Colleague: 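Structure incoming, see below.
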Amino acid sequence: MSGFGKGCHLHLIDGSAFIFRAYHALPPLTRKSDGLPVGAVSGFVNMLQRYVEGNSGPDAATHVAVIFDYSGKSFRNEIYDQYKAHRPPAPEDLVPQFPLTRDATRAFNIACHEIEGYEADDIIATLSCQARDLGGRVTIVSSDKDLMQLIGGGVEMLDPMKNKRIGVEGVEEKFGVGPERVVDVQALAGDSVDNVPGAPGIGIKTAALLINEYGDLETLLDRAGEIKQPKRRQTLIDNREQIEVSKRLVQLDCNTPLDFSIDDLEVRDPEPEALLGFLSAMEFRTVSKRIADKMGVDSPVIPDKTPEGADPIAADAPAQVPFDADAYECVRDADALRKWVAAAYEVGYVAFDTETTGLNEMVVDLVGVSLSSVAGQACYVPLGHKSSAADDLFGGDALAEGQMDMNEALEILKPMLEDESILKIGQNIKYDAKILARYGVNVAPIDDTMLMSYALNAGLHGHGMDALSEQYLSHNPIEIKSLLGTGKSAITFDRVPVDDAVKYAAEDADITLRLWQLFKPQLHQKKVTTVYETLERPLVPVLARMEMAGVKVDRDTLSRMSNAFAQKMAGLEDEIKQLAGRDFNVGSPKQLGEILFDDLGLPGGKKGKNGAYSTGADILEDLATEHEMPRKVLDWRQLSKLKSTYTDALQNHINADTGRVHTSYLQTGASTGRLASTDPNLQNIPIRSEEGRRIREAFVAEQGKTIVALDYSQIELRILAHVAGIDALKQAFRDGQDIHAMTASEMFDVPMDQMTSDIRRQAKAINFGVIYGISGFGLARNLRIPRAEAQGFIDRYFERFPGIRTYMDETVAFAKEHGYVETLFGRKIHTPEIGAKGPQAGFAKRAAINAPIQGTAADIIRRAMIRMDHAISELPAKMLLQVHDELLFEVDQGAEDDLIAVARDVMENASDPAVKLDVKLSVDAGTGANWAEAH
DNA sequence: CCTGTCACG
DNA sequence: GACGTACGTGACAGGG
């Protein structure tokens, strides 16, 4: 066997990082037989398994090792006794798992090494140098920036989280200098995580600037006196020794004494017996089975025994700490804030919340931030509270005393909020992320308790924090109303006294943390982790970007329409009052009812539960044959709606700075998985009537750009064809037929070439009816035909497509048995009313039938949106809006075709590979200067 | 604050 | 046998 050399490829896996990631990513699982904590081991095994599976192709390793930190002090503590001094001891339940991860590595037949007195990074450095000198390639599997100094000359890093390779350019992007100067920059910038001091006040940006100017650290320090900025100059002169120590701390050692050689690291196939033996000893049933299947051997039998009295759920429940508002801290200076940031680093996560002057993220100001990393312990950092008017003769616009400078606080918080190793937990964190984005902070990675609640319990209850706190923590939080008041006299949060704000804001962070601790393991137990991780969590940044992008709305167009509507309405109003014989408020259904049914004595007056006549559009439509007034009222109402809701209200939503309208998407608004759009709702802009449709002309592209709209064609009927297994429907979609005409032909025995628009219209109504959980009454009302006739249609439909009936019955039965229904992607929609008696039973049944269809369509477009972000990143295009089955883009003129090709591909394949649909998805596209043209 | 009405998919 | 019924949303105006 020849030794390591040219053509060889060494993979070095940062084992310790794997362990911590696994520990934080997974709920605290225990071995069933004896309660040994094995969550981290389980995650570690999964990562190794994925690594082994992916190790093929041109980048495959010929040699591989997993490298661990040796527990205890390293030689760096002799250089600087405070090195990594802020690191807390490993969590109690993680400690026994350390040796098990070594066992796991060996079980996979992968070399595993650690050396006393050295860190994993040093071993990785030494092996990288050796491999490079021998002419081979190296891939370091880690996202630790301290390892970036090793890159170059055939050495690359692979970020396993993002599955992204990092080469020399990646280093330059991160540090502003090449790999050989990374240590110089780190020596200056220091590192709060490892407690490397560096030069106070100098961060990576400034450090890179200085190093690039002077060449290297030694030259810089020697010539520090030449620096123009007095503060910088003094810092470097005063802290020379500290900077030199820092460099020795960050410099990795390429001469670690190894008790093995690279040749010992050659890749070996796992031995089934050893690997399965280890997995069954750990009682990992799922992985055992998967690996056994892969290896083509029998999976080991793992006894399923639970010790008497053990309650795994109860063991997982977070500790009950009483709520204590007096325990919350008000943070007023940098040192205090740094302590809270350090606390986040200790555990690797932090719940945080922002307080602002209002609810419109695009406009409001930041007033304060609250943090919590341990239940019961939380702080509030007031930043923008105004002094009370009584203290300030100049109208109370001065900042209150005892607050940190906003920029200083953000400088301390930003590295932590952007640190990939620190999980930021929020309740509706999209809101906080958007606020902070306007202050130059890009919050990531994130978890969101609102979305967790939604993935777990959609259909059971709302997902606002107050409701969740009450239900799951038995704690009623302070109401914001009690601080701000209501109505006209309401104040903004910056006017709330700081002492009151602390109690309210810190409590929110505390509650969020506790909810997270509660929900996180439940995701796993309730099997909704995939839904949360693939359909909820990654959508947050996508929606945030769309909302911030906004859509350009032309004020003049709206204003002109508004005037035209007003004129027409005035004319109609005169005519209506003339016909009524007296003056009244046309916009009042109550008064209108009295005119129609009492004064004019028209037939069919039905009083509702509060004694008023019903005057809905369908009733007026029927009355239109009796009298000419109802038609005029209908016309008036349409104009009134268009004017008040669209041409007038929309103008007020145009952002003064951007000239665009920025909606907010609510991810948890609809139980089925659909989004909801608010402030303003851009998912109900008119299209069905010709007059309403023209409002879309006001949604325009910027100069030099084009609006592109892509929408799924018949997505819900396609999903119905799949889930109900209707072959005729599937075939029709495959053949590209007119689906409603085909339904009509099938039902009414009319050949396709003799189809009339009226028959087709009826079939279309039936097709939609099926999706909604059809009833004879509903169809009769929709088609304005006798109920018996409608029922006949339905019977015939079921006869021709018997799969539909089966689907409906099975779905209702499933809902009754489980209390929920599911989409094809595993989203659970709860149906608590399914067992109800009375009219609600009908509602619940139809909702249960509709939910998997509407929900699966919603899941598909969510997947498309999540992938779209990356897919169009190279194009001069932005995704602006989602309207359930449609995506709206703005793209540079000339790039429309490129965008359509990419976006259509993403949308049509959005269900792959999780779900293989029997029916192809089809997407229509349109372009134009405005939304009306593009549709 | 609730209800009726109507805009969308 | 009667009861009421298409599914999912949000915004606005009127009225207490």
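Below, each value reflects all heavy atoms present in this structure, side chains not excepted, and no hydrogens, waters or symmetry copies. Order of the sequence lines sets the chain letters (A, B, ...), proteins ahead of strands, with each chain counted from 1. Just so you know, these numbers come straight off a predicted model, no measurement behind them.
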Colleague: Check the phosphate of C:dG4 against A:Ser775, side-chain N and O only, distance under 4.0 Å to OP1 or OP2. Yes or no?
Modeller: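 It does not, given that no N or O in the side chain of A:Ser775 lies less than 4.0 Å from OP1 or OP2 of C:dG4.
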
Colleague: Identify the nucleotide, in any strand shown, that forms a Watson-Crick or G-U wobble pair with C:dA2, with both distances under 3.5 Å; if there is none, say none.
Modeller: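 Matched C:dA2 with nothing under the 3.5 Å cut-off.
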
Colleague: Flag the pair A:Glu933 and A:Arg696 as a salt bridge only when some basic side-chain nitrogen lies within less than 4.0 angstrom of an acidic carboxylate oxygen.
Modeller: no

Colleague: It should be established whether A:Gln591 places a side-chain nitrogen or oxygen under 4.0 Å from OP1 or OP2 of nucleotide C:dG15.
Modeller: yes

Colleague: Pick base, sugar-phosphate or nothing for A:Phe843, based on heavy-atom distances below 4.0 Å to the nucleic acid.
Modeller: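 Counting heavy atoms under 4.0 Å across all strands, the contact made by A:Phe843 is with sugar-phosphate only.
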
Colleague: Which listed nucleotide (B:dC6, C:dA6, B:dC8) is nearest to the side chain of A:Ala617?
Modeller: B:dC6

Colleague: Answer with base, sugar-phosphate or nothing: what part of the nucleic acid does A:Glu716 contact at a heavy-atom distance below 4.0 Å?
Modeller: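 Nothing: the residue A:Glu716, judged by heavy atoms under 4.0 Å, touches no strand.
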
Colleague: Counting heavy atoms from C-beta on, name the nucleotide in C:dG14, C:dA6, B:dA7 closest to the side chain of A:Pro686.
Modeller: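 Closest nucleotide among those given: B:dA7.
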
Colleague: May I ask you to verify if any side-chain N or O of A:Ser614 is less than 4.0 angstrom from the OP1 or OP2 atom of B:dT5?
Modeller: yes

Colleague: With DNA chain C as reference, determine whether A:His884 or A:Phe777 sits nearer its 5' end, using the nearest nucleotide of each.
Modeller: A:Phe777

Colleague: What's the closest nucleotide to the side chain of A:Arg781 if the choices are B:dC6, C:dT9, C:dA6?
Modeller: C:dA6

Colleague: Can you check whether A:Ser677 has a side-chain N or O nearer than 4.0 Å to OP1 or OP2 of C:dG10?
Modeller: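 No, no such contact exists.
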
Colleague: Counting heavy atoms from C-beta on, name the nucleotide in B:dT5, C:dT5, C:dG8 closest to the side chain of A:Pro589.
Modeller: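 Closest of the options to the side chain of A:Pro589: B:dT5.
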
Colleague: Which part of the nucleic acid, if any, lies within contact of A:Ala649, taking any heavy atom under 4.0 Å across all strands shown: a base, the sugar-phosphate backbone alone, or nothing?
Modeller: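 Since only primed, P, OP1 and OP2 atoms lie under 4.0 Å of A:Ala649, the category is sugar-phosphate.
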
Colleague: Contact class for A:Ile685 vs. all strands (heavy atom < 4.0 Å): base, sugar-phosphate, or nothing?
Modeller: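 Since only primed, P, OP1 and OP2 atoms lie under 4.0 Å of A:Ile685, the category is sugar-phosphate.
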
Colleague: Just by distance, no angles: are the side chains of A:Glu716 and A:Gln854 close enough, under 3.5 Å, to form a donor-acceptor pair?
Modeller: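 No.
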
Colleague: Which nucleotide in the set B:dT5, C:dC7, C:dG15 lies at the smallest distance from any side-chain heavy atom of A:Lys641?
Modeller: B:dT5

Colleague: Counting heavy atoms from C-beta on, name the nucleotide in C:dG14, B:dG9, C:dT9 closest to the side chain of A:Ala670.
Modeller: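 Side chain of A:Ala670 sits closest to C:dT9.
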
Colleague: Tell me whether A:Lys828 forms a cation-pi arrangement with A:Tyr820, defined as NZ or CZ under 6.0 Å from the six-membered ring centre and within 45 degrees of its axis.
Modeller: yes

Colleague: May I ask you to say what A:Gly773 touches in the nucleic acid, namely base, sugar-phosphate or nothing, with a heavy-atom cut-off under 4.0 Å?
Modeller: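 No contact at all - A:Gly773 keeps every heavy atom at 4.0 Å or more from the nucleic acid.
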
Colleague: Do A:Arg796 and A:Phe798 form a cation-pi contact, if we require the NZ or CZ to be under 6.0 Å from the six-membered ring centre and within 45 degrees of the ring's axis?
Modeller: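 No, A:Arg796 and A:Phe798 do not form such a contact.
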
Colleague: Name the nucleic acid region contacted by A:Ala765, choosing base, sugar-phosphate or nothing; use a 4.0 angstrom heavy-atom cut-off, strictly under.
Modeller: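 Base, at least one base atom sits under 4.0 Å.
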
Colleague: Looking at A:Arg846, I'd like to know whether one of its side-chain N or O atoms comes within less than 4.0 Å of OP1 or OP2 on C:dT5.
Modeller: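 Result: no.
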
Colleague: For C:dC12, which nucleotide is its Watson-Crick or G-U wobble mate, given both distances must be under 3.5 Å?
Modeller: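 C:dC12 is paired, partner B:dG4.
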
Colleague: Side-chain N or O of A:Arg637 versus OP1/OP2 of B:dC6: is the shortest distance under 4.0 Å?
Modeller: yes

Colleague: Closest to the A:Asn585 side chain: C:dT9, C:dG14, C:dC7?
Modeller: C:dG14

Colleague: Report yes if a side-chain nitrogen or oxygen of A:Asn681 is closer than 4.0 Å to either non-bridging phosphate oxygen (OP1 or OP2) of B:dC8; otherwise report no.
Modeller: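 It does not, given that no N or O in the side chain of A:Asn681 lies less than 4.0 Å from OP1 or OP2 of B:dC8.
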
Colleague: Taking the P atom of each, how far is B:dC2 from C:dA6, in whole Å?
Modeller: 22 Å

Colleague: Charged N to carboxylate O under 4.0 angstrom, A:Lys430 versus A:Glu547?
Modeller: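 Looking at A:Lys430 and A:Glu547, the cut-off is met.
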
Colleague: What's A:Gly842 touching, base or sugar-phosphate or nothing? Going by heavy atoms closer than 4.0 Å.
Modeller: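 Contact class for A:Gly842: none.
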
Colleague: NA contact type, A:Asp885, heavy-atom cut-off 4.0 Å: base, sugar-phosphate, or nothing?
Modeller: sugar-phosphate

Colleague: Could you check whether A:Ile774 gets within reach of a base, just the sugar-phosphate, or nothing at all, counting any heavy atom under 4.0 Å?
Modeller: base

Colleague: Does A:Ser671 reach a base, just sugar-phosphate, or nothing at all? Heavy atoms under 4.0 Å.
Modeller: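 Sugar-phosphate, backbone atoms only, no base.
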
Colleague: If we only count heavy atoms from C-beta on, is the A:Arg784 to A:Asp618 side-chain gap below 4.5 Å?
Modeller: yes

Colleague: Tell me what A:Arg787 touches on the nucleic acid: a base, only sugar-phosphate, or nothing, going by heavy atoms under 4.0 Å.
Modeller: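 Since a base atom lies under 4.0 Å of A:Arg787, the category is base.
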
Colleague: A:Leu675 near the nucleic acid: base, sugar-phosphate alone, or nothing, with a heavy-atom cut-off under 4.0 Å?
Modeller: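 Nothing, no nucleic acid heavy atom in range.
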
Colleague: Measuring only the P atom in each nucleotide, how far is B:dG4 from C:dT5? A whole number of Å is fine.
Modeller: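 It works out to 12 Å between them.
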
Colleague: Parallel, tilted or perpendicular: which fits the ring planes of A:Trp931 and A:Phe699, with parallel below 30° and perpendicular above 60°?
Modeller: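 Perpendicular: the ring planes of A:Trp931 and A:Phe699 meet at over 60°.
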
Colleague: Can you identify which nucleotide, out of B:dC8, C:dC12, C:dA11, has its nearest atom closest to the A:Ser644 side chain?
Modeller: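 Nearest to the side-chain atoms of A:Ser644, counting from C-beta on, is C:dC12.
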
Colleague: What interatomic distance, in whole Å, is found between C1' of B:dA7 and the corresponding atom of C:dA2?
Modeller: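 Going atom to atom, C1' in each nucleotide, I get 35 Å.
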
Colleague: Return the nearest nucleotide to the side chain of A:Arg696; candidates are B:dT5, C:dA11, B:dC8.
Modeller: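 Per side-chain heavy atoms of A:Arg696, the pick is B:dC8.
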
Colleague: Checking side-chain contact (heavy atoms from CB on, under 4.5 Å) against A:Ile861, which of A:Met868, A:Glu886, A:His884, A:Gln882 comes through?
Modeller: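 Checked A:Met868, A:Glu886, A:His884, A:Gln882 against A:Ile861; only one passes side-chain contact (heavy atoms from CB on, under 4.5 Å): A:Gln882.
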
Colleague: Can you identify which nucleotide, out of B:dT5, C:dG15, B:dA7, has its nearest atom closest to the A:Thr615 side chain?
Modeller: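 Of the options given, the side chain of A:Thr615 lies nearest B:dT5.
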
